[in-house]
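What follows is a short report on a single structure.
As the structure is a prediction and not an experimental result, all values here were calculated from the model. These numbers come from the heavy atoms of this one structure, side chains and all, not from hydrogens, waters or symmetry mates. Counting convention: from 1, in listed order, for ligands and their atoms alike.
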Amino acid sequence: MATVVKTEGIKAFSATHDWESADYEPTLPVSEMSNPITHNIDRAPASSIVKMLQDCDAQMFQEKSGAAYERLLSDQVAKSLMEVAKRVQLILKDPQDSLIVLSGCGTSGRLAFFITSGFNRELRRLNHSAVCSYIIAGGDRALFSSQESPEDDPISGALSLKKVSEGKKRVLFIGISCGLSAPFVAGQLDFCLQHPDIYTPVLVGFNPAHQARNEPIPGCTFTFRSVVTKMRELAKMQKAFLINPALGPEAISGSSRMKGGSATKILLEVVFSAAHAANFSRTPITYNGILQHMRSYGEVLDITYSQTEGIAALMEAAGRSLQCGRGVCYLSWGFLGLLSLIDASECKPTFGADYKDIRGFVGGGCKELCNKEGDLNLMGAESGIAHSDFLHDVLPCLTDKDTVLLLYSHSDDVDEVAKLARRVREKTSNMHAVYHQTDGDTVSAHDEINKLCSSTLNFIWPQSTPASMGLQHMWELSTKLLLNAVSTGAHILKGKVYQNYMIDLQVTNSKLYHRAARLLQRLSGHPKSLCEEALLKAIYQVDKLTEDIVTCNLIKHTHTARKVKKVVPLALVCLLTGYSIKEAQSHLEQKPIVREAVEACLREQTLFSGSL
Ligand code: F1P
């Protein structure tokens, strides 16, 4: 029996609607808003998807006088970056008993690792001691696979910070939470506030302070917002720092791996590069230097997106593979490879993907990446990440239906790339390459790789890059943008996005749980309580909620949700049709493209309500 529902939540926004206006989705923080630009991204062809992603990314660098929000290039952001860079420089000058710690959850933690590794590597090259350490919620396993639940644990956040900084007298702690929301990071910041003699806290995120999450954290007296409020007070005396420009809503609502991840990388690289230059080449840290460096990242966007057609072709190839149940493999080398692992790991929570759908492999795997806990295979990781794992587990079954993407630059061993390309080509013609080089470089092995591949995207970067900006950083950001576009686009083409919402997200932590409940409200028009009820029924696979279920806490709900597929689509179909869980499941099986299943239900509902 179908129930009558209102579909008022499904309003169409025009692309010109201004997300900065006060009445635009007023109850949501910027990081959770839906972007007017991408409202119809789910029905767009690949080339338009790329264009929309480009426009969303460009919002990061918009400069507006009198704007409602602080932006990446705002005066206050540049000033805070200068101050934090000076603190980093002090530690470089006198590293004894000092430490810089970068920490975050999910993508934010992965980028903490990425930036820490890059900076320490550079210091070691100069025979300087490494001064940076990273923390990721869930430990190293979370570096390359989706582990969302540790994000909800503020105690483990504080303890891990205490442990990593044991015996240090001066610690610069940089907590990253794009949504100003992760309890793990809130716990760490609170710990810093309790020990001001040792710790200086810095918070990087992309919402204004008043939009920080205010939900009570079980077992704690603080919320993310109360911690931010205290930090704002201390910031006046430069005892704490907040770096929180708004970037505009993500292209896929809430997908902070995209702009959030890119901006994290940009901001922290600007800080570390400025401190590095000040310490090793006596280049003073200046306001203009910081701004100029930030702007040069804007040029990376332009160069990357100038290849719209090539990116769209890759997106289509990857989308075709996913549509027919096959996979996409990124094969890469060195630190560009790390970005491919990061991109692949995000698809699970964002699109409900299987780890086999998009996989990343990097040269020697963990050996090459120097993570703290060593070989993750030995820790029972979901799958191997080295090329040897690819050759052993994936290559034998590879067909033309799978997409293989080689990612390399002229500073990699191009003969090695060619060797692997030959082996892949024996199995599939669906192989593509993305190659970074500076103008004037010629590598003969590259021509051979080119011939083996069905498409090649060749990024040629000007030799004369701004002094502050290493080529490596440009290639990295460009690679991140490209991979985000390919994996997001491929999942859109597979029907895993409805309008610009992640309709099949995993409900594996409190933020994702609330996001799912909100999405159900928006799409069904039902009140919050009914939507949460439907969500729980889908999680526990029951038609009636027992007392036991209702009294369980959120941790139990999100833990149980890990084992269930298509939780949100299931809840939505039940809400819209009144089907039992089993009926909804069989409905979704008949229509495996989630977007189409949801649309069919919404259509039926509209017809039904209209005929009454
Ligand atoms: C951290 C994070 C995201 C991930 C997912 C769950 O968010 O793990 O990286 O994509 O959405 O949350 P944040 O603390 O940086 O906002």
Side-chain angles (χ1 to χ4, degrees), residues 28-33 102-115 134-139 141-154 156-157 174-189 203-208 211-213 215 217 223-225 227-228 243-247 249-265 267-268 339 341-353 358 480 483-484 487-488 491 501-502 504-516 518-519 558 561-562 568:
L28 293 181
V30 178
S31 64
E32 292 286 331
M33 286 177 182
L102 268 63
S103 175
C105 313
T107 300
S108 301
R110 295 176 194 122
L111 288 168
F113 167 64
F114 189 90
I115 293 158
Y134 70 93
I135 299 173
I136 176 163
R141 257 155 57 92
L143 285 175
F144 315 123
S145 67
S146 153
Q147 312 283 332
E148 307 299 321
S149 55
E151 172 171 330
D152 280 340
D153 191 346
S156 112
I174 305 182
I176 311 158
S177 179
C178 298
L180 304 190
S181 64
F184 186 87
V185 175
Q188 296 175 321
L189 293 170
L203 171 59
V204 175
F206 305 106
N207 283 319
Q211 291 182 354
R213 189 173 173 187
E215 185 189 319
I217 304 174
T223 65
F224 208 110
R225 191 177 302 169
V227 172
V228 171
I243 304 172
N244 60 326
L247 310 170
E250 294 287 355
I252 304 301
S253 313
S255 185
S256 54
R257 75 190 191 111
M258 303 183 83
K259 286 198 272 192
S262 302
T264 299
K265 186 166 157 28
L267 290 168
L268 294 178
L339 289 164
L341 298 176
I342 293 178
D343 184 85
S345 67
E346 280 291 340
C347 296
K348 203 173 165 185
T350 314
F351 305 110
I358 299 197
K480 180 184 179 296
L483 292 178
N484 285 172
S487 58
T488 301
H491 280 101
Y501 296 103
M502 32 173 112
D504 200 6
L505 76 154
Q506 284 205 326
V507 189
T508 38
N509 65 34
S510 60
K511 178 179 81 177
L512 298 171
Y513 179 93
H514 293 302
R515 186 182 292 162
R518 230 177 18 244
L519 182 57
T558 51
R562 277 204 304 213
V568 181

Review point. Where is the nearest protein heavy atom to atom 14 (O) of ligand 1: which residue, which atom, and how far?
Key: S177 OG, 2.7 Å
Point to revise | Protein heavy atom at shortest distance from atom 3 (C) of ligand 1 | key: S256 OG, 3.9 Å
**Study point:** Top protein contact for atom 16 (O) of ligand 1, by heavy-atom distance
**Key:** G179 N, 2.8 Å
**Study point:** Ion pair R257/E250, N-O distance below 4.0 Å
**Key:** no
Practice item. Would you mind listing which atoms of ligand 1 come within a distance below 4.0 Å of any non-hydrogen atom of G106? Key: 8 (O), 9 (O)
Revision key, fill the gap. For A182, the ligand 1 atoms with a heavy-atom partner under 4.0 Å come out as 14 (O)
Review point. Is C178 in polar range of ligand 1, meaning some N or O pair under 3.5 Å apart?
Key: yes
Practice item. If you have a sec, work out which protein heavy atom is nearest atom 12 (O) of ligand 1 and how many Å separate them, to one decimal? Key: K511 NZ, 2.8 Å
Exercise for review: Nearest 0.5 Å please: distance from the NZ atom of K511 over to the CD atom of E151.
Suggested key: 5.0 Å
Review point. Is it true that R518 and E32 have a side-chain N and a carboxylate O under 4.0 angstrom from each other?
Key: yes
Point to revise | Reported OG-to-CG distance for the pair S262 and N484, which is rounded to 0.5 angstrom | key: 6.0 Å
Point to revise | Identity and separation of the nearest protein heavy atom to atom 6 (C) of ligand 1 | key: E148 OE1, 3.1 Å
Review point. Among all protein non-hydrogen atoms, which one is nearest to atom 9 (O) of ligand 1, and what is the separation to 0.1 Å?
Key: T107 N, 3.0 Å
Review point. Can you tell if the side chain of R562 reaches within under 4.5 Å of the side chain of E148, non-hydrogen atoms only?
Key: no
Practice item. For residues V185 and L189, determine if any side-chain heavy atom of one lies less than 4.5 Å from a side-chain heavy atom of the other. Key: yes
Exercise for review: Specify whether F113 and F144 have parallel, tilted or perpendicular ring planes, treating 30° as the upper limit for parallel and 60° as the lower limit for perpendicular.
Suggested key: perpendicular
Point to revise | For atom 10 (O) of ligand 1, the protein heavy atom that lies nearest, with its residue and separation | key: E346 OE1, 3.0 Å
**Study point:** atom 8 (O) of ligand 1: the protein heavy-atom neighbour that sits closest, reported with distance to 0.1 Å
**Key:** E151 OE1, 3.0 Å
Check your understanding: Of all the heavy atoms in C105, does at least one lie under 4.0 Å from an atom in ligand 1?
Key -> yes
Review point. Taking side chain as C-beta onward, heavy atoms only, is V227 less than 4.5 Å from L203?
Key: no
Revision key, fill the gap. Looking only at non-hydrogen atoms, the one of A186, S108, S255 nearest atom 15 (O) of ligand 1 is S108
Review point. Are I136 and L143 side-chain neighbours, meaning at least one heavy-atom pair lies under 4.5 Å?
Key: yes
